[in-house]
Amino acid sequence: MKKILFAAVAVMAMAACSNEDVVSRPARPMIGFDNAFVENSTRAIDLTKSNLNDFSVYGSVAKNGSEGQIFKNQLVKKSGEKFLYTPPQYWVDNATYCFAAFAPYTNAKWSYSTTYAENGTITFDNETAEANQDFLYAYQTRTTGAAITEAPAPVSFTFNHMLSRVKFEFTNGFAAANNITFRVREATITNLHKSGTLAVANGAVAEAWSVADNTVVENVENKNVFAKNFGDVNIFEGTAPEGNIIAAGAKASSEHFYLIPAKATYNLTFKVDIIQAGVELDTYNRTATVQLDMQKGHSYVLRATLNANNISDDKLNPIEFDVYDVTAWEQFSDEDAEDINIPQNN
C-alpha cells in the first residue's frame, strides 16, 4: 500500500492512542505542520510531495476527563517549504491530543462526520469526483508532559491512500505476418459505485468501505452506480504511434482513475477499430465482465489480449486458398508441329 509521510512541526494527540511525552516551558508553543512527504505514484493525479498543496485537520484535546475539539476541517496550506494555518492553536500541559488529517482540502469530494477526531464516518462522493481524485487519510496522537519547556517535536503523519487505482491494458495477440493492427477506444466501466462510507474508530479506518450493492451487473440503471469512460487506450512505452495503433505483439494502456474499493462484478465495454495492412476495416463494440475484490491503496490492471477469437462479433475467418483444378494439356498433334530448318553443309 502506498504511504505518505507528513511531519508536523507541532503535534497532535489524544486518549486511546500511542503517547509521547513532551517536555515543557512557560511559553505555549504553537501546533504547526511542516515537511510534507508523499510516496510516489503515477498519473491522474496522484498526490506526491511536490504537488500536495493542502490538507485538512480535525483535532481534539482531552484533559481531566473532558474532551473538546480544537480543529474542525482546518485548512493547512503549503507556503514555501512549510504548511501553515490560521488562527494558531497551542499546546497545553498534561493533555492528550488526537488528530485526523485528510487530503486534498481544495475541491474535496470527501466529508468527515465526527464529534472529535478519533471516531467518525468518512463519506466519499466518487461520482462528483469523476473518479479523478486521489484521497488520503492519516492519524496521529501526542500527550504532553507536566510542564512544556521546549517546543514539541514534529508530529509525523503517515498518509494512506483510501481508494483503489484502476486502468485498462490491451495487447495485440496477432503475429506481424497476420497484418492485423487495431486501436481501442472508449474503455468504460459501466457500474461503478457512486459513493461509499468508511468508519473510523480510535483513529483506525475500517478494512472495507461500505457501498451500495452492484453485484447485479445487468442493472446499470441502478441509482447507486455510475459509468466511467477511461478514454482511448493510448499510453505506450516510448513514443505513441500515429493514430494510437497497437501493432502486433504490442500493448497499450488507458489513463488510470480512482475507484471506491469493493468486491463486485463490473461491466466493461470498449470499441475496437480493426486495421488490415493499413486499411481500416470496421469497428466492433466489445463487452466483458470482471470480478474484483479491490483493497485500499492497491492498483489494478484490467488486462486483455485481443486475437482472432475475440476481437470482433464473430471469430475472424482466415483467408484460405485451394486448388480448384488444373486444366488438361492439349495433346501433341501434327497440326501444332513445326519443322526445324537445319542448314545444309557446303
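Hydrogens, waters and symmetry mates are skipped; everything else that's a heavy atom, side chains included, is used. We're numbering straight along the sequence, starting at 1.
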**Message:** Can you classify the ring geometry of H256 versus Y258 as parallel (below 30°), tilted (30 to 60°) or perpendicular (above 60°)?
**Reply:**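 It falls in the perpendicular class, over 60°.
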**Request:** Would you please classify the geometry between the F182 ring and the F174 ring as parallel, tilted or perpendicular, with 30° and 60° separating the classes?
**Result:**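 Taking F182 first and then F174, their aromatic rings stand perpendicular (interplane angle over 60°).
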Atom pair [atom1]/[atom2] of [X] and [Y] - distance to nearest 0.5 Å:
X: E255; Y: N229; atom1: CD; atom2: CG; value: 11.5 Å
X: I260; Y: L192; atom1: CD1; atom2: CG; value: 9.0 Å
X: L47; Y: H161; atom1: CG; atom2: NE2; value: 7.0 Å
X: S164; Y: L259; atom1: OG; atom2: CG; value: 7.0 Å
X: S299; Y: L163; atom1: OG; atom2: CG; value: 11.0 Å
X: N202; Y: N119; atom1: CG; atom2: CG; value: 5.0 Å

**Prompt:** Going by the salt bridge (charged side-chain N to carboxylate O under 4.0 Å, His left out) test, which pairs reach into residues 199-210, not counting sequence neighbours?
**Reply:**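 Sorted result for residues 199-210: empty, none.
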**Request:** Give the C-alpha distance, both sets of side-chain angles, the deciding distance and a yes or no for side chain to side chain contact (heavy atoms under 4.5 Å, CB included) between F270 and E186.
**Result:** CA-CA 5 Å; F270 53 93; E186 300 181 27; over 6 Å; no
**Prompt:** Using links of under 4.5 Å between side-chain heavy atoms of ILVMFWY residues, direct or through other members, which residues join I245 in one cluster?
**Reply:**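 Cluster partners of I245: I275.
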So [Y] and [X], do their side chains get closer than 4.5 Å, heavy atoms only?
X: D282; Y: I274; value: no
X: Y266; Y: T289; value: no
X: T143; Y: T141; value: no
X: E127; Y: S195; value: no

Do you know the tightest heavy-atom contact between [X] and [Y]?
X: V200; Y: I122; result: CG2-CD1, 3.7 Å
X: K296; Y: L198; result: CD-CD2, 4.1 Å
X: F102; Y: F55; result: O-CB, 3.1 Å
X: F230; Y: K167; result: CE2-CA, 4.2 Å
X: M162; Y: Y137; result: CG-CB, 3.8 Å
X: T190; Y: T269; result: CG2-CG2, 3.9 Å

**Request:** May I have the step-by-step check of salt bridge (Lys or Arg N to Asp or Glu O under 4.0 Å) for E280 and R183, ending in yes or no?
**Result:** CA-CA 10 Å; E280 297 202 19; R183 66 176 68 90; 3.0 Å; yes
**Request:** Using the side-chain hydrogen bond (donor to acceptor under 3.5 Å, both in side chains) rule, take Q295 and D293 through it: C-alpha gap first, then chi angles, then the decisive distance, then the call.
**Result:** CA-CA 7 Å; Q295 306 296 317; D293 185 4; 3.2 Å; yes
**Message:** Just checking K78: does its NZ atom have more than 12 heavy atoms from other residues, nucleotides or ligands closer to it than 6.0 angstrom?
**Reply:**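 Yes, because the 6.0 Å sphere around NZ of K78 holds more than 12 heavy atoms from other groups.
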**Request:** Decide if atom CD of E130 counts as having more than 12 heavy atoms of other residues, nucleotides or ligands within a radius under 6.0 Å.
**Result:**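 Open: at most 12 neighbouring heavy atoms sit under 6.0 Å from CD of E130.
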Test item: [X] side-chain N/O and [Y] main-chain N/O as donor-acceptor pair under 3.5 Å:
X: N132; Y: A129; answer: no
X: D232; Y: N234; answer: no
X: N310; Y: T305; answer: yes

Checking side-chain polar atoms at under 3.5 Å, does [X] have a donor or acceptor matched by the opposite partner on [Y]?
X: N160; Y: Y139; result: no
X: D273; Y: T283; result: yes
X: D93; Y: T144; result: no
X: H193; Y: N126; result: no

**Message:** For L268 and L302: C-alpha separation, side-chain torsions, deciding distance, then whether side chain to side chain contact (heavy atoms under 4.5 Å, CB included) applies.
**Reply:** CA-CA 9 Å; L268 315 178; L302 304 181; 3.9 Å; yes
**Request:** May I have the step-by-step check of side chain to side chain contact (heavy atoms under 4.5 Å, CB included) for D46 and R165, ending in yes or no?
**Result:** CA-CA 10 Å; D46 298 329; R165 294 192 309 172; 2.8 Å; yes
Tell me, please, which residues at least two apart from [X] pass side-chain contact (heavy atoms from CB on, under 4.5 Å).
X: D313; value: Y284, R286
X: A240; value: F236, N244
X: E169; value: K251, S253, V301, R303

**Message:** Does anything in residues 103-113 form a side chain to side chain donor-acceptor pair (under 3.5 Å)? List the pairs, not counting sequence neighbours.
**Reply:**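 Residue pairs with at least one partner in residues 103-113: D54-T106, N107-K109.
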**Message:** Quick check: is V233 connected to V290 through a chain of hydrophobic side chains (ILVMFWY, heavy atoms under 4.5 Å apart)?
**Reply:**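 Yes, V290 and V233 fall within the same hydrophobic cluster.
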**Asked** Any link between L52 and L75 through a network of hydrophobic side chains (Ile, Leu, Val, Met, Phe, Trp, Tyr) touching at under 4.5 Å?
**Response**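 In one cluster with L52: L75, no.
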**Prompt:** Would K228 and T188 satisfy side chain to side chain contact (heavy atoms under 4.5 Å, CB included), going step by step from the backbone distance to the final call?
**Reply:** CA-CA 6 Å; K228 177 61 184 179; T188 302; 5.7 Å; no
